[in-house]
Amino acid sequence: MDKPKSEKTITIKINGKDRPFQEKKEEKKGKTWELRQLDRKQEQTEFFASIQTAAGKEADDSFDWILPEETEDEDIKEYKIAAPPNSPAKNGLSTLARKFRGRNKQGFLTSIFLAVFFAVLLGTSFGFIMLKLVFTDQAAETVDPPINETPAAAYQQTPAAAADLETITTYIVQGGVFSNNDAAQQIQEANSQKGVYSQSIKMGEQTFLFLGVAGSLDEAKEIGADLKSEGIDVFAKEVALEGKAIEGVNAEEKKLAEIAPVLYQSLSAGAASATLGRSITPETAENIESYIKTVNELQADQIQNKSLISVREELLNASKQIDTYQQSGDAAAAGKIQEHLLGFLAAYQSLLQSGGQ
């Protein structure tokens with residue numbers, strides 16, 4: 001007969017012999033569910049105690065456990081414990097620090113964080129230092145030079161390729177022609193003792209001694225006649241100072257070189273009138289004023305050529321003496337006009353010989 005399903009049999013092998021053990025359940029009437037549970041626990045305790053006793057007596061015996069088949073229980077449901085939501089107000093630096101300390105018990109992450117932090121800090125510091133040095137160098141390179149009080153020093157004209165000096169044709173009261181400069185100087189000193197100014201000018205291999213200029217040959221002859229009356233041997237003639245192109249002059253020097261011949265022609269006409277005691281014509285005076293204005297507008301500090309410097313000074317001084325003569329009619333002023341114009345001819349001839357150098 002089959003055993004009831006409620007009864008379970010446990011078979012234990014000790015020394016190769018099966019020793020069945022049947023769990024006995026005694027159903028008693030009126031016994032409560034709690035008493036049945038206590039009886040079951042007591043039976044299990046007695047069962048395991050008997051097994052331990054048998055195992056102690058027969059330690060060398062081998063045995064097999066035959067356990068009852070377990071029925072499949074219902075699927076156990078899996079539950080996940082949801083983490084409480086983080087409060088936005090507490091997710092600050094302090095919360096981050098607590099989390100970091102909680103995950104960094106052994107100090108490994110702290111070492112990495114400190115190494116990265118100091119590396120970034122050091123690199124940033126060096127970067128700012130180098131950037132400051134670069135800006136300092138650039139600032140030092142872009143500093144404007146101090147402005148000189150003299151505008152001429154800061155402003156330099158580019159040299160012009162060439163300036164064309166015109167040929168000056170003038171009428172001269174000449175005191176002689178000499179083969180050497182010493183003989184000309186002796187006559188010049190003799191004239192000076194008589195109160196007559198004279199200028200020696202070397203032209204080619206000869207030295208010429210000039211005593212006055214005029215706007216025409218007839219005026220030159222009249223001036224010469226007055227000088228002869230004072231015991232000075234002179235004669236009137238036409239003289240041409242051959243023009244040429246000069247090199248190495250700047251724009252201001254070129255303008256002066258181009259206007260000097262025409263200004264001289266007007267001044268020589270006024271000088272002849274003043275020497276002969278006549279009034280200077282309005283046309284001549286107007287021309288002189290116009291040309292002198294142009295010369296005064298030139299930047300004097302840009303005129304570096306020594307001969308051109310002398311040319312400019314002699315023309316301006318002759319013009320001033322013309323003004324003086326017109327205002328007072330002084331004969332001494334007329335003589336000064338002649339001196340400055342003869343000085344101009346000497347400077348102009350020197351400029352032609354040097355070629356502007």
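The nearest pair of heavy atoms linking Gln174 to Phe210 is OE1-CE2, 3.5 Å. Scanning all heavy atoms of the two residues, the minimum distance from Val311 to Ala347 falls at CG2-CB, 3.8 Å. Summarising the geometry of Ala184 relative to Ser200, their closest heavy-atom pair is CB-CB, 4.4 Å, with the distance given to 0.1 Å. Residues Ala183 and Asn180 come closest through the heavy atom pair N-OD1, 2.9 Å. Taking each heavy atom of Ala271 and Leu341 in turn, the nearest pair found is CB-CD1, 3.5 Å. Lys254 approaches Ala162 most closely through the heavy-atom pair CE-O, 3.6 Å.
Using modelled atom types, no side-chain atom of Ser192 and backbone atom of Gln188 make a donor-acceptor pair closer than 3.5 Å. Checking side-chain atoms of Ser354 against main-chain N and O of Ser350 turns up a donor-acceptor pair under 3.5 Å. Between the side chain of Gln185 and the backbone N or O of Asn181, no donor-acceptor pair lies under 3.5 Å. The backbone N or O of Gln265 sits less than 3.5 Å from a side-chain atom of Ser268, completing a donor-acceptor pair. Checking side-chain atoms of Glu252 against main-chain N and O of Val249 turns up no donor-acceptor pair under 3.5 Å. In this structure, Gln353 contributes its side chain and Lys202 its backbone to a donor-acceptor pair below 3.5 Å. Gln302 places no side-chain N or O within 3.5 Å of a backbone atom of Glu253 that could act as its donor or acceptor partner. Of the possible polar contacts, one joining the Lys194 side chain to the Gly231 backbone as a donor-acceptor pair under 3.5 Å is found. Looking at Ser319, its side chain never comes within 3.5 Å of a backbone N or O of Leu315 through a donor-acceptor pair. In this structure, Thr207 contributes its side chain and Met203 its backbone to no donor-acceptor pair below 3.5 Å.
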(request) Check the pair Leu241, Thr170 against side chain to side chain contact (heavy atoms under 4.5 Å, CB included), reporting the backbone distance first and the verdict last. (result) CA-CA 8 Å; Leu241 303 180; Thr170 186; 5.6 Å; no
(message) Using the rule given for side chain to side chain contact (heavy atoms under 4.5 Å, CB included), can you reason through Ile309 versus Arg312, listing the C-alpha separation, both sets of side-chain angles and the distance that settles it, and then say yes or no?
(response) CA-CA 5 Å; Ile309 291 173; Arg312 177 179 177 275; 6.0 Å; no
(message) Apply side chain to side chain contact (heavy atoms under 4.5 Å, CB included) to residues Ile337 and Leu267 and explain how you reach the verdict.
(response) CA-CA 8 Å; Ile337 298 171; Leu267 287 171; 5.9 Å; no
(message) Checking Tyr171 against Asp218 for the side chain to side chain contact (heavy atoms under 4.5 Å, CB included) test, could you report, in this order, the C-alpha distance in whole Å, the side-chain angles of both residues, the deciding distance, and whether it holds?
(response) CA-CA 9 Å; Tyr171 302 95; Asp218 292 337; over 6 Å; no
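The shortest distance between side-chain heavy atoms of Tyr348 and Pro261 falls below 4.5 Å. Residues Asn287 and Val262 fail the side-chain proximity criterion, which asks for heavy atoms closer than 4.5 Å. In this structure the side chain of Ile292 never reaches within 4.5 angstrom of the side chain of Glu289, judged on heavy atoms.
Not counting sequence neighbours, the partners of Gln338 by the side chain to side chain donor-acceptor pair (under 3.5 Å) test are Thr275. Every residue two or more places apart in sequence or in another chain was checked for a side-chain contact (heavy atoms from CB on, under 4.5 Å) with Gln186, and none qualifies.
Between Thr284 and Thr281, the side chains place a donor N or O and an acceptor N or O closer than 3.5 Å (distance only, hydrogens not considered). Donor-acceptor pairing under 3.5 Å is lacking for the side chains of Ser266 and Tyr291. One side chain, Tyr197 or Gln199, offers a donor N or O that lies under 3.5 Å from an acceptor on the other.
More than 12 non-hydrogen atoms from other residues, nucleotides or ligands lie less than 6.0 angstrom from CD of Glu297. By the 6.0 Å contact criterion, NZ on Lys237 is enclosed, its count of non-hydrogen atoms from other residues, nucleotides or ligands being greater than 12. Remark: Lys244 NZ is packed, more than 12 non-hydrogen atoms of other residues, nucleotides or ligands lying under 6.0 Å away. Around the CD atom of Glu238, the shell of radius 6.0 Å holds more than 12 heavy atoms that belong to other residues, nucleotides or ligands.
Side-chain heavy atoms closer than 4.5 Å link hydrophobic residues (I, L, V, M, F, W, Y) into clusters, and following such links, even through other members, never connects Leu217 to Tyr264. In the hydrophobic clustering of this structure, Leu263 groups with Ile280; members are Ile, Leu, Val, Met, Phe, Trp, Tyr whose side-chain heavy atoms approach within less than 4.5 Å, directly or through other members. Note on Val234 and Ile172: separate hydrophobic clusters, where clusters join Ile, Leu, Val, Met, Phe, Trp and Tyr whose side-chain heavy atoms are under 4.5 Å apart, directly or indirectly. One hydrophobic cluster, built from ILVMFWY side chains closer than 4.5 Å, cannot hold both Val213 and Ile232; they sit in different ones.
Tested against Val173 for a side-chain contact (heavy atoms from CB on, under 4.5 Å), the candidates Leu342, Val196, Asp226, Leu227 yield a single pass: Leu227. For the side-chain contact (heavy atoms from CB on, under 4.5 Å) with Glu242, the qualifying choice from Leu352, Leu165, Thr167 is Thr167, the only one to do so.
The CD atom of Glu283 lies 11.0 Å from the CD1 atom of Ile288; values are rounded to the nearest 0.5 Å. Between Ile223 atom CD1 and Leu276 atom CG the span is 5.0 Å, to the nearest 0.5 Å. Atoms CD and CD, from Glu219 and Glu222 in turn, are 7.0 Å apart once rounded to the nearest 0.5 Å. In this structure, Gln327 CD and Ile322 CD1 are separated by 11.5 Å, a value rounded to the nearest 0.5 Å. Taking CD from Gln349 and CD1 from Ile168, the interatomic distance works out to 9.5 Å, rounded to the nearest 0.5 Å. Distance check, rounded to the nearest 0.5 Å: CD of Glu205 to OG of Ser179 gives 10.5 Å.
With salt bridges taken as basic N to acidic carboxylate O contacts below 4.0 Å, none links Lys255 and Glu258.
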